[in-house]
Amino acid sequence: RMAKLFRAVIMGPPGSGKGTIAHRIARTFGLEYLSSGHFLRHSVAAKHREAGVLVKPYVDRGILVPDDVVTRLMLARLEQLGAHSWLLDGFPRTLAQAQALNRLVQLDLAIILNVPYSTLVDRLSNRWMHPPSGRVYNMGFNPPRVQGKDDVTGEPLVQHEDDKPEALMARLRHYKDVAKPVMDLYKSQGILHSFSGTDTDRIWPYISSLLVTKMHTQPSESFQTD
Ligand SMILES: Nc1nc2c(ncn2[C@@H]2O[C@H](COP(=O)(O)OP(=O)(O)O)[C@@H](O)[C@H]2O)c(=O)[nH]1
Ligand SMILES: Nc1ncnc2c1ncn2[C@@H]1O[C@H](COP(=O)(O)OP(=O)(O)O)[C@@H](O)[C@H]1O
């Protein structure tokens, strides 16, 4: 059992491998994994009253849900995870969201993935998903056993409209503008660790050893007080 709860976020442009690496981290280190995209799509699909009205129009267009809405929904979900160590993917995305999160918990680590644009384009053009489970495949990197079918349910895999190259440039520019102040904040907090590369399997050992260090050398006096 760890002396204190461990809380981390993973950030990076679309296609940088956040979901892939977050799943590996959650599985390897026993952290609860919470993807804001998956959570929001799920809440829309589940027709939660508030989510349907306040979230659907944005998710359907691939534009960010207003800060106050996504923050309220995500922080409520994090309150439920209060007794767990967790890893966040896709939240916070804006400075306002990061400041709201800082008011709730003290983060231990922010992992930033830096992947070249051409690699993002290539990966996203081959990305296939099973939205109900959030499982992600790639024709080159981790293909499904049966082409176009989810390994577990056999249900059809889909591609996202905004994974197309023409949509990616705009998403990437927006990501850079919005993520920069968040990274500056985490740098000032001394918790920012960035990893560059074009191959998840090559950067994984570095991320894994950072987590081993961070999770097992927490000073015991920093018990989570809240
Ligand atoms: N070729 C290749 N594809 C990868 C690698 N890492 C992840 N992928 C795939 O690239 C796509 C983007 O990864 P994902 O984890 O969804 O990125 P996210 O958008 O940052 O969450 C998915 O189809 C992954 O399966 C890699 O090292 N090489
Ligand atoms: N932190 C966030 N703030 C605002 N909206 C978000 C956030 N995370 C996810 N969303 C919404 O959920 C949708 C799906 O998110 P995600 O699966 O991460 O896809 P993308 O990589 O296209 O942003 C986004 O297009 C956006 O509408």
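Residue numbers start at 1 and run along the sequence shown. As the structure lists them, so they are numbered: ligands from 1, and atoms in each ligand from 1.
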Option set [options], criterion heavy-atom distance to [atom], minimum:
atom                    : options                : answer
atom 25 (O) of ligand 1 : Leu113, Val115, Asn142 : Asn142
atom 27 (O) of ligand 2 : Leu64, Ile63, Thr71    : Ile63
atom 3 (N) of ligand 2  : Met74, Gln97, Arg93    : Gln97
atom 28 (N) of ligand 1 : Phe141, Trp204, Trp128 : Phe141

Where ligand 1 meets [X] - atom numbers and elements under 4.0 angstrom, heavy-atom basis:
X      : result
Thr20  : 7 (C), 13 (O), 14 (P), 15 (O), 24 (C)
Asp199 : 27 (O)
Thr200 : 5 (C), 6 (N), 7 (C), 26 (C), 27 (O)
Gly19  : 15 (O), 18 (P), 21 (O)
Lys18  : 15 (O), 17 (O), 18 (P), 19 (O), 20 (O), 21 (O)

So, 4.0 Å and heavy atoms of [X]: is ligand 1 close enough to count as a contact?
X      : answer
Pro13  : yes
Gly140 : no
Ser16  : yes

Could you walk me through whether Asp150 and Arg135 pass salt bridge (Lys or Arg N to Asp or Glu O under 4.0 Å), step by step? CA-CA 8 Å; Asp150 173 56; Arg135 275 186 292 276; 2.8 Å; yes

Would you confirm whether [X], through its side chain, and [Y], through its main-chain N or O, come within 3.5 Å as a donor-acceptor pair?
X      : Y      : answer
Asp89  : Tyr33  : no
Ser36  : Gly90  : yes
His23  : Gly19  : yes
Ser208 : Trp204 : no
Arg127 : Val136 : no
Asp122 : Ser118 : no

Quick one: look up the protein heavy atom nearest [atom] and list residue, atom name and how far away it is.
atom                    : answer
atom 15 (O) of ligand 2 : Gly37 CA, 3.3 Å
atom 10 (N) of ligand 2 : Leu40 CD1, 3.4 Å
atom 17 (O) of ligand 1 : Gly17 N, 3.0 Å
atom 8 (N) of ligand 2  : Ser36 OG, 2.8 Å

Counting each atom of ligand 2 from 1 as listed, which ones have a heavy atom of Tyr58 under 4.0 Å away?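 That gives atoms 27 (O) of ligand 2.
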
What part of [X], side chain from CB on, backbone N/CA/C/O, both or neither, has a heavy atom under 4.0 Å from ligand 2?
X      : value
Val55  : neither
Val65  : both
Arg171 : side chain

Shared ILVMFWY cluster between [X] and [Y], side chains joined below 4.5 angstrom?
X     : Y      : answer
Ile21 : Leu124 : no
Met11 : Leu78  : yes
Leu64 : Leu54  : no

contact_flag Arg41 ligand 2 heavy-atom lt 4.0 Å: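 It does, in that a heavy atom of Arg41 comes within the 4.0 Å cut-off of ligand 2.
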
Show your working on side chain to side chain contact (heavy atoms under 4.5 Å, CB included) between Leu211 and Thr28 and close with a plain yes or no. CA-CA 10 Å; Leu211 280 157; Thr28 309; over 6 Å; no

Which bit of Ile21 is near ligand 1, meaning a heavy atom under 4.0 Å away: side chain, backbone, both or neither?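 Looking at Ile21 and ligand 1, no heavy atom falls under 4.0 Å.
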
Applying a heavy-atom cut-off of 4.0 Å, say which part of Tyr137 lies close to ligand 1: side chain, backbone, both or neither.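 Backbone only.
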
Here's a test for you: under side-chain contact (heavy atoms from CB on, under 4.5 Å), which of Asp162, Leu120, Leu172 qualifies with Pro14?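 Looking at Asp162, Leu120, Leu172, the match for Pro14 under the side-chain contact (heavy atoms from CB on, under 4.5 Å) is Leu172.
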
Report yes if some N/O of Gly90 lies less than 3.5 Å from some N/O of ligand 2; otherwise report no.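 Gly90 vs ligand 2: N/O contact under 3.5 Å present.
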
Between Arg173 and Asp177, does the salt bridge (Lys or Arg N to Asp or Glu O under 4.0 Å) criterion hold? Intermediate values first, please. CA-CA 6 Å; Arg173 197 173 309 111; Asp177 295 346; over 6 Å; no

For Met139, is the CE atom crowded, meaning more than 12 foreign heavy atoms sit under 6.0 Å from it?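 Enclosed: over 12 neighbouring heavy atoms sit under 6.0 Å from CE of Met139.
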
